[in-house]
Amino acid sequence: MSKSQLVLIVFVIVSLVAIFSIYQFGLFDVGLAPRVYSQCITPPAFPQLIMQSGNICPGTYPYGIGIGASNIKVTCPPAASATIFDGNTWVGKNGLTISGRNNVTVEGCWFRAFNDNGIFIGNTTAYTSQINLLNISSDGNNGSGVFVGHNVVNININESDIYYNQDGILFRSNYFGLVNAGANMFPRGIVVANNDIFFNFKNGINFDASDYYAYLPTAPFILNNSVQIIGNTIEDNDKNGIQNIGFTTSDWYTNNGYSYILNNKIQYNGGILFNGSGIAIIANKSDRIINDPAFGFAIADFNYIVSNDLLGNVGDGISLHLPQIDNTNPIIFNREFMLKADNIFANYILWNGRHGVSVTGVTDNALDYLESSSYILQNDISDNGKEGIYFEGFNYTNATSRISSNIMCNDVRNSGQGNNNGVEVINLDTGNIGIWHQNIIENNQIGILIENKSGMDGVQRNYIGLNTVGLLLNKTDNNTYTNYNDFDQNGLQAFDRSLSQFTRNWWSDYSPGCLDSQPDGWCDVNRPIPIANQDVLPKAGLWFGQKARGYFVKANTGVVPKMSCNQVILPPPPIITVPTFESPQGPIITNQGEPGNPGSSQSDG
């Protein structure tokens, strides 16, 4: 071999070694992510912390774990070689703790049988942000499956199984005071999507703001921004499918909230003990807030409840409720309670034990004031155990209740198998109820009952048919306008004790054969309405066709909207950024309650 050939061979060998070194050891990987090796991680038991990304070794670990750094992704193997964290014999509290860290993803892990929560997220001295829980299982824990507490910004819980806990997912903050560097803010930027949440002993999802009231000197409270509950199956929970106690993403005046409950199956919730509902919106606050003379205020709302199945819940499909509040001392100042469901649209609300949609309030305090508003549009609200739509204000002397609602283009049928009322509105001091435009109110005891109420109401352009009584008005004033409806084959078409205004309605027992001498399409003689009223210019001949749109057709979730009726357009949710936390960030010291805050992470609701 010549000398030049030998030099060439040595050069090639050296080059191959250099190339192998570059790829194996990343000698020139300037600015690139660290190389991922095939070795798995054996995680330490909390309070030791996982400090790097990686795959968890398969197996069962008899302890909980914690995340100790930001920008981490921890992955557990798929179900065939499941990684389980089991708290049965562990003296610690939570299965997974993420506190004061940013940009953390945990995927594929199983947390079961812990003394408190399967997963705990929150911190009282630093924001915990950009948290992703993907394909997680959390079951059999003494607390919540997932607890999300103070100062959490942007959390995504996706494609997970959460069952046999107290609350499935609990969002909670306990804070009352000015918004400043030390304020403990309610979680915001919430996404809960495509999960199975079932067989929990309280609520499937619980927004517990009963002891939360953060405010500025120039504003009554601070918004919680964005909530998206999308595509989940929430079923067989012992209390409510989704519970909201004192939680809001909007104020009462500008209606600028962004809470979305979309395309969920919320069914068979309630249990024997609780009589819970599919969605329960409850205006309540703790004694220290609602009985403080400087405040005395509570609001609860969801902005968009759209295209859900709300089926077979023990209580109501959707319930807006003010429970009676026990007062330790006599109340000598006005307290105000507000309930809102801004847009209830295209839902399939059937077979619930009580009402399809309800607004109710209870008080024993003459100085209390209840106000509620809702827009109920294009829903199938049929075959529920009691009334389809039920509004009841305070039945207490001098206490004031005002409920306003637009009820448009709904099917309200077969309430209580025909033995209960389709729409019932009772005991309201004031408020405006609009029942108009292509509602099909059919085969109920009373199609529409409005009783013991004052305020302007409208019953217009509906089909009211095959009920025992079509419309019964027993109001304290005569400010109800009833016109352009089709009254079809009701046992008693209408009954009015209020001498309200009836004009230009079609009556199956009068209009087809009435005299129209002009002819101008209106009967020459007014139709009598008992007790002593009449319909002026009833329609002659054929009906208006307010039923012509047809009954709603079931979609995958919810119903297929009718193009002849009004629509609801969903605005895009806002982008939630992490504020500057001015107070110094403290270390993770304790796992009792939230770090830096002793006390339980359990819900009172």
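Remember, it's a predicted structure, so these values are computed and weren't measured experimentally.
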Over 12 foreign heavy atoms within 6.0 Å of [atom1], [X]:
X    : atom1 : result
K386 : NZ    : no
Q417 : CD    : no
K265 : NZ    : no

Honestly, is [X] close enough over [Y], meaning NZ or CZ under 6.0 Å from the six-membered ring centre and within 45° of the axis?
X    : Y    : result
K554 : Y348 : yes
R461 : Y463 : no
K239 : F201 : no

Assess the pair [X] and [Y]: is the distance between their ring centroids shorter than 6.0 Å?
X    : Y    : result
Y212 : F176 : no
F295 : Y215 : yes
F487 : W507 : yes

If every non-hydrogen atom of [X] is compared with every non-hydrogen atom of [Y], which pair is closest and at what distance?
X    : Y    : value
S372 : L320 : OG-CD2, 4.1 Å
K340 : I299 : CD-CD1, 4.4 Å
G296 : F333 : CA-CE1, 4.0 Å
I440 : R413 : O-CG, 4.0 Å
I576 : G189 : CG1-CA, 3.8 Å
K475 : T480 : NZ-OG1, 2.9 Å

Could you tell me whether a side-chain N or O of [X] sits under 3.5 Å from a main-chain N or O of [Y], the two making a donor and an acceptor?
X    : Y    : result
N379 : I344 : yes
N244 : F247 : yes
Q378 : N566 : yes
Y175 : L178 : yes
N347 : S307 : yes
S286 : D211 : no
N203 : N240 : yes
N200 : N165 : yes
N232 : I230 : yes
N427 : F394 : no

Side chains of [X] and [Y]: is there a donor and an acceptor less than 3.5 Å apart?
X    : Y    : answer
S374 : S405 : yes
S210 : N284 : no
D535 : N526 : no
N303 : S259 : yes
D301 : T248 : yes
S415 : E424 : no
N533 : D496 : yes

If we only count heavy atoms from C-beta on, is the [X] to [Y] side-chain gap below 4.5 Å?
X    : Y    : answer
I376 : N406 : no
V568 : Y304 : yes
I242 : I266 : yes
S508 : Q493 : yes
T468 : Q445 : yes
V553 : V559 : no
I407 : F391 : yes

query: Under the criterion side chain to side chain donor-acceptor pair (under 3.5 Å), which of N439, D486, N505 is the partner of N462?
result: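 Per the side chain to side chain donor-acceptor pair (under 3.5 Å) rule, the option paired with N462 is N439, out of N439, D486, N505.
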[X] side, atom [atom1]; [Y] side, atom [atom2] - distance, nearest 0.5 Å:
X    : Y    : atom1 : atom2 : result
N308 : L262 : CG    : CG    : 7.0 Å
N313 : N269 : CG    : CG    : 5.0 Å
I433 : D457 : CD1   : CG    : 6.0 Å
E371 : E336 : CD    : CD    : 6.5 Å
N474 : E451 : CG    : CD    : 4.5 Å
N421 : N444 : CG    : CG    : 7.5 Å

query: Would N483 and T503 count as a side-chain hydrogen bond (donor to acceptor under 3.5 Å, both in side chains) if you check the C-alpha gap in whole Å, the side-chain angles of each, and the deciding distance to 0.1 Å?
result: CA-CA 5 Å; N483 48 53; T503 183; over 6 Å; no
task: Would you sort out whether I197 and T233 count as a side-chain contact (heavy atoms from CB on, under 4.5 Å), showing the intermediate values?
output: CA-CA 6 Å; I197 304 169; T233 298; over 6 Å; no
message: In terms of relative ring orientation, are F297 and Y213 parallel, tilted or perpendicular, with 30° and 60° separating the classes?
response: perpendicular
- prompt: Hey, what's the ring geometry for Y258 with Y260, parallel, tilted or perpendicular (30° and 60° as the breaks)?
  reply: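 Geometry flag for Y260 against Y258: tilted rings.
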- request: Assess whether side-chain contact (heavy atoms from CB on, under 4.5 Å) is satisfied between D380 and N410, documenting all intermediate values.
  value: CA-CA 6 Å; D380 190 346; N410 301 280; over 6 Å; no
field: side-chain contact (heavy atoms from CB on, under 4.5 Å) assessment of Q567 paired with F345
entry: CA-CA 8 Å; Q567 309 291 312; F345 175 68; 3.9 Å; yes
field: Lys/Arg N to Asp/Glu carboxylate O, D411 vs R549, below 4.0 Å
entry: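 Counted as a salt bridge, because a side-chain N and a carboxylate O are separated by less than 4.0 Å.
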- prompt: Charged N to carboxylate O below 4.0 Å: is that the case for D368 and R335?
  reply: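 A salt bridge is present here (some side-chain N lies under 4.0 Å from a carboxylate O).
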task: Check step by step if side-chain contact (heavy atoms from CB on, under 4.5 Å) holds for N490 and V469.
output: CA-CA 6 Å; N490 300 286; V469 178; over 6 Å; no
- prompt: Which of these passes side-chain contact (heavy atoms from CB on, under 4.5 Å) with Y484: Q460, K539, R504?
  reply: R504
field: E442/S382 under side-chain hydrogen bond (donor to acceptor under 3.5 Å, both in side chains): CA gap, chis, key distance, verdict
entry: CA-CA 9 Å; E442 182 179 82; S382 299; over 6 Å; no
query: Taking only residues two or more places apart in sequence or in another chain, which ones pass side-chain hydrogen bond (donor to acceptor under 3.5 Å, both in side chains) with E235?
result: Q267
